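Bear in mind the structure is a predicted one, so any value in this text is a computation, not a measurement.
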Amino acid sequence: MTEADQGPGRSRHVLLADDQTLLRAGFAMVIDSQPDMDVVAQAGDGQEALAAVQAHAPDVVLMDIRMPRMDGLEATRRIAGDPAFSRTKIIVLTTFDTDEYALEALRSGASGFLLKDVQPEVLLDAIRTVTVGGAVVAPTTTRRLLDATLLSGTTAKTPTARQQEYLDRLTNREREVLQEMATGDSNTEIAQRLYLSEATVKTHVGQVLAKLEVRDRVQAVVFAYETGQA
């Protein structure tokens with residue numbers, strides 16, 4: 001995914017929300033080592049995260065889910081639902097083996113999620129990606145987590161009447177692109193698989209997002225899983 005220019009002298013402002021002090025310190029060290037990023041605040045629970053967002057209006061919040069007083073899900077809902085913070089993107093941090101709430105976080109407005117043992121370069125790339133309007137959809141994490149949280153024990157994935165209305169808006173080609181998006185692949189990879197130009201795929205992706213009325217690729221992936229398109 002292509003990184004857009006943040007403008008001269010403009011750093012990406014990051015808020016760290018996690019109740020583990022040492023984890024926050026480690027992430028802060030990695031992020032502050034980059035010339036285009038700054039950790040502007042840290043929070044130990046969801047209430048502190050909300051207050052820090054109001055005070056600093058960060059570009060990105062790295063949000064833990066399980067925190068005292070207010071968990072990351074509720075904090076994500078409140079931040080994503082407030083038009084005053086429409087620029088603030090949220091990346092949920094989760095532990096795959098124990099945390100089954102990431103799907104709800106995506107529904108609540110997060111632009112993606114990462115495992116807490118994420119490699120530094122992946123973390124940094126994710127921050128850059130969401131600040132330019134992208135979403136963090138990695139096949140190695142997204143498919144496994146969505147399978148575990150959405151498909152476990154589920155025998156049918158029939159779209160609701162409302163979801164079917166959205167699906168009916170898509171052309172056959174746009175449905176194909178939606179199915180490919182659900183794998184987490186890039187536009188380049190989708191273009192190669194469907195024998196299309198990358199520009200054409202980008203146009204189709206834009207149409208899919210508009211017709212489904214979702215903000216980003218992560219929301220499209222969730223929709224695809226919920227309606228049996230993935």
Side-chain angles (χ1 to χ4, degrees), residues 1-95 99 101-102 104-138 141 214-219:
M1 193 171 295
T2 305
E3 179 185 344
D5 184 13
Q6 286 289 106
R10 175 69 168 92
S11 292
R12 295 165 173 84
H13 294 168
V14 180
L15 164 65
L16 303 178
D18 196 295
D19 61 344
Q20 298 181 49
T21 304
L22 287 177
L23 186 67
R24 293 202 312 268
F27 282 158
M29 186 181 304
V30 170
I31 293 167
D32 283 335
S33 71
Q34 301 300 298
D36 61 333
M37 297 182 193
D38 290 299
V39 174
V40 294
Q42 298 187 30
D45 59 52
Q47 289 185 11
E48 289 182 5
L50 286 178
V53 168
Q54 292 168 352
H56 299 279
D59 298 302
V60 178
V61 179
L62 296 185
M63 182 78 76
D64 186 20
I65 291 182
R66 294 180 174 175
M67 294 185 291
R69 295 206 296 171
M70 180 188 295
D71 65 27
L73 291 175
E74 181 60 27
T76 295
R77 276 190 287 270
R78 295 194 187 190
I79 295 168
D82 190 335
F85 305 119
S86 59
R87 285 183 58 254
T88 298
K89 307 300 181 182
I90 301 170
I91 299 174
V92 167
L93 297 171
T94 185
T95 302
D99 196 338
Y101 300 112
E104 185 61 34
L106 299 181
R107 289 190 180 119
S108 300
S111 293
F113 66 87
L114 296 170
L115 300 181
K116 285 191 176 182
D117 61 357
V118 62
Q119 294 296 312
E121 61 271 16
V122 176
L123 173 67
L124 297 171
D125 183 63
I127 293 170
R128 295 184 176 106
T129 295
V130 299
T131 55
V132 297
V136 183
V137 186
T141 56
V214 295
R215 293 183 314 280
D216 54 39
R217 294 173 80 106
V218 165
Q219 305 302 314

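Taking each heavy atom of A28 and V39 in turn, the nearest pair found is CA-CG2, 3.9 Å. Pairing each heavy atom of L15 with each of A43, the nearest pair is CD1-N, 4.3 Å. In terms of heavy-atom proximity, R24 sits nearest to Q42 at NE-OE1, 2.9 Å.
Once rounded to the nearest 0.5 Å, the distance linking CE of M70 with OG1 of T76 reads 10.5 Å. For the atom pair CG of D71 and CE of M63, the computed distance is 9.5 Å after rounding to the nearest 0.5 Å. With values rounded to the nearest 0.5 angstrom, R69 atom CZ is found 12.0 Å from D19 atom CG. Atom CG of L73 sits about 5.0 Å away from atom CD1 of I65, to the nearest 0.5 Å.
Of the possible donor and acceptor atoms, none in the side chain of D125 sits under 3.5 Å from a partner among the backbone N and O of R128. Between the side chain of D38 and the backbone N or O of V40 there is no donor-acceptor pair closer than 3.5 Å.
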Enumerate donor-acceptor pairs with a distance under 3.5 Å from any side-chain N or O in residues 79-92 to protein atoms, sequence neighbours excluded.
unit_1, atom_1, unit_2, atom_2, d
D82, OD1, A84, N, 2.9
R87, NH2, D59, OD1, 2.6
T88, OG1, P58, O, 2.7

Go through it in stages, so that I can follow the logic: the residues are L93 and F27, the test is side chain to side chain contact (heavy atoms under 4.5 Å, CB included), and I'd like the CA-CA distance, side-chain angles, deciding distance and then a yes or no.
CA-CA 11 Å; L93 297 171; F27 282 158; 3.5 Å; yes

L16 and I31: CA distance, side-chain angles, deciding distance, side chain to side chain contact (heavy atoms under 4.5 Å, CB included) verdict
CA-CA 10 Å; L16 303 178; I31 293 167; 3.8 Å; yes

Pair M67-E48, side chain to side chain contact (heavy atoms under 4.5 Å, CB included): steps then yes or no:
CA-CA 10 Å; M67 294 185 291; E48 289 182 5; over 6 Å; no

Report the C-alpha separation of R12 and Q34 in whole Å, then their side-chain angles, then the decisive distance to 0.1 Å, and conclude whether the side chain to side chain contact (heavy atoms under 4.5 Å, CB included) test is met.
CA-CA 10 Å; R12 295 165 173 84; Q34 301 300 298; over 6 Å; no

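In this structure the side chain of V60 never reaches within 4.5 angstrom of the side chain of M37, judged on heavy atoms. For the pair L123 and L62, the minimum side-chain heavy-atom distance is below 4.5 Å.
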